[in-house]
Amino acid sequence: MRQLLTSVAVPVPLYRHFDYRVVAGQAAQLRPGLRVRVPFGRRQLTGVVVRAPFEAPDDGQDYRPLGAVLDEAPLLDPDLLGLCEWAAEYYRHPLGEVIAAALPGSLKHEGRAELHLPQQWQLTAAGREALAALPERHRAQRAALEALRSRALPSADWSAAAAMRARLGARGWVECRAVDTQAAPCAAAPTLTAAQARALAELECGGEAGFRVSLLEGVTGSGKTELYLRRIEAMLAQGRQALVLVPEISLTPQLTERLRERLGPRVLSFHSGMSEGEREQAWLAARAGVAPVIVGTRSAVFVPFARLGLIIVDEEHDPSYKQQDGFRYSARDLAIVRARRLQAEVILGSATPSLESLHNARSGRYRAVRLRERVHAQPPPRIGLLDVRGQALAHGLSPALLGALDACLERGEQALLFINRRGYAPMLLCHACGWRAACTACDARLTLHRGRGRLICHHCGAQQSVPKVCPSCGQSELMPLGQGTERIEQALANRYPRKRIERLDSDRLGKRHELERLLADVRAQTIDVLVGTQILAKGHDFPNLSLVGIVSADQALYGADFRAIERMGQLVTQVAGRAGRAGQAGEVWLQTHEPQHPLLRTLVERGYDALADALLEERAMARLPPYAHLALLRAESEDAALPLRFLRGARALYAPFTDVQAMEPIPSGMERRAGYTRAQLLLQADSRAALQRALAATVPRLGELPESRRVRWSVDVDPADLF
DNA sequence: AGCACGCCGACT
DNA sequence: GTCGGCGTGCTC
């Protein structure tokens, strides 16, 4: 007796698929990529067919019948399904869960895949009149209308609330229409500088199509975006589509807007700040070929395209491209894999490329394209080191830095201070007895947030009010130690009472449109000093800064993580790149207690590339990426003894793999976090293939270890950091 | 992951 | 006497 079966990937954390009996009449439409409902244990799940129906001998197993078929045509085309399969293999994550991560919103479940043509809101003639006539006090309405004044906006990008949309619509002031995705009311392209033209010619590769990766290394302000635009235009002209990845949600509106000016309303965004419905529609629009360009964050690498020809990864070095929990993929790396499968083109753009990409460019695997000059001919900023040893610091600021700031503000110019730590101070100390405010759930100090009057753990989010007296000795000698953005902001506000000081960190960005507001004010020059965290380093444009101060970057020099200095170099270079105005170099000062540190000196004297060279040499010696390949097994449990015991068991599985080093399991950098004790096991191999072989054979068996039930464990292939 | 089954503690 | 704790087994 033979039977007809089909294999289905189900969203469960199991390293296998499940076979179902094909019901009469279903066989014809069952193809890989199709969504189906399946009985699974006592529940019904939505899975995806991964193997077309096949005849199998009756092996005595009782297969359950397939349920409803949810799509007429496979929702996942071969490109996307193939990418998911590749990613599941490479990152050792169950395929069903990978697919679930690739599907937006309700398509994960039973939602119908129905594309409504993308809609956009626009002002009507009546709306235009109303905007002119509307009294000043109707601020919300004015703002909502104002946003549409110069152009129509896709539903996802118009900030007005649903109630507001309805009200304005009812008055006939705005209307919602399908986007004309063919229309391209384009702004004219600017003339390229000679350097840009040269770089573009290299990117074009003589017009040859096919898979290639270009690393576009261009300093801040060198005009990378214009080159992205030119390549996108070329793709669109060939009827192909483009995907643009950005590291952060906050960068999507800016870039989307810039692309839309030139390419018209055909540019859609895709990120987790959008509603499920909006994301689903953008996903379907790209799949149908209706949206020629998608700008999105990490997860957009899984958006299907009918005719994808180009993937741009902007700020490719940014660690946000690596997902840090669950399915730990790198969107940048998957973009390259996807392009290779599709014979498409990739452009990795950065002023400070990752060591991996630099290595690939130098070894000829990627085409190296450089843009050395800034468009407005500013000389590149030079970073000056300020030796703060023995200096009297006021809230962490040295007399020299304050002097430079005085002079800058005296001239009426703008300054930026970078400190990669939010809150007021990273520690609250009792001067009388030495007590420190610590988190009860983590091995960490609590950060003082003075504005909110709270002590907050930055690792688990736990909060408490600030004690008036020391909880340990009762004396009132509690003092904040160290500094964060809030403290610098306050110190400057006290020092310059007539200047406008603003802070830019994730605490402030909680409010919607706060970032746009602040950036607009910086551009309008109504802000004199901007104090902020690494958000400042992420590609936002500050056109008029004449001074950049880096309060400290020393932390990275003592950091245990092998990428800490690379990150520091990227941050410092990116922040420093904000300095300078048309035709004028900015001033950049970096405070340090380690003015002799050779890598720090390399960075400030010879620049990021020289630092990268030095770091690459170190990596080669230490057999670290990109010269070797790593994977990290992590385990955590409320029972402090279990993670190490589990990992010791896991380590034994690697004994047969002589080409892979399985290190002794060790407690994680912060051993206790959110009530869990954490440990990790590092795997190191000279070849990716060797590492993959070992992982393939061992990861599916980790669940069989006796402790596996009571620890949460995960595999991290190409870990971003070893904590 | 969910969900059920199963075998020991403090209570409507 | 039950309600429910979470160990452990299983999902085509």
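None of these values were measured; they are calculated from a predicted model. Proteins come first, then strands; the chains are lettered A, B, ... in the order of their sequence lines, and each starts at number 1.
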Determine the contact category for A:Pro39: base if any of its heavy atoms lies under 4.0 Å from a base atom, sugar-phosphate if only primed atoms, P, OP1 or OP2 are that close, otherwise nothing.
sugar-phosphate
Over how many whole Å does the gap from A:Leu4 atom CG to C:dC12 atom C1' extend?
14 Å
Hey, does A:Arg64 reach any base, or is it just sugar-phosphate, or nothing, if we go heavy atoms under 4.0 Å?
sugar-phosphate
Is any side-chain N or O of A:Arg16 under 3.5 Å from a base N or O of C:dC12, one able to act as donor and the other as acceptor?
yes
Cation-pi check, A:Arg623 onto A:Tyr627 ring (under 6.0 Å, within 45° of axis):
no
Taking atom CZ of A:Arg112 as the centre, does the number of heavy atoms from other residues, nucleotides or ligands within less than 6.0 Å exceed 12?
no
To the nearest Å, how far apart are A:Asp62 CG and C:dT11 P?
11 Å
Nearest to the side chain of A:Phe40, which nucleotide is it out of B:dC3, C:dC10, C:dC12?
C:dC12
Step through the shown structure and confirm whether more than 12 heavy atoms of other residues, nucleotides or ligands are within 6.0 Å of CD on A:Glu55.
yes
Nearest-0.5 Å distance, CZ of residue A:Arg648 to CG of residue A:Leu681
10.5 Å
Distance check needed: C:dG9 C1' versus A:Arg42 CZ, whole Å only.
11 Å
Rounding to an integer number of Å, can you tell me how far A:Asp58 CG sits from C:dC12 P?
17 Å
Please check the phosphate of B:dC3 (OP1 and OP2 only) for any side-chain N or O of A:Arg43 closer than 4.0 Å.
no
Base, sugar-phosphate alone, or nothing: which one does A:Leu14 contact when heavy atoms must sit under 4.0 Å apart?
base
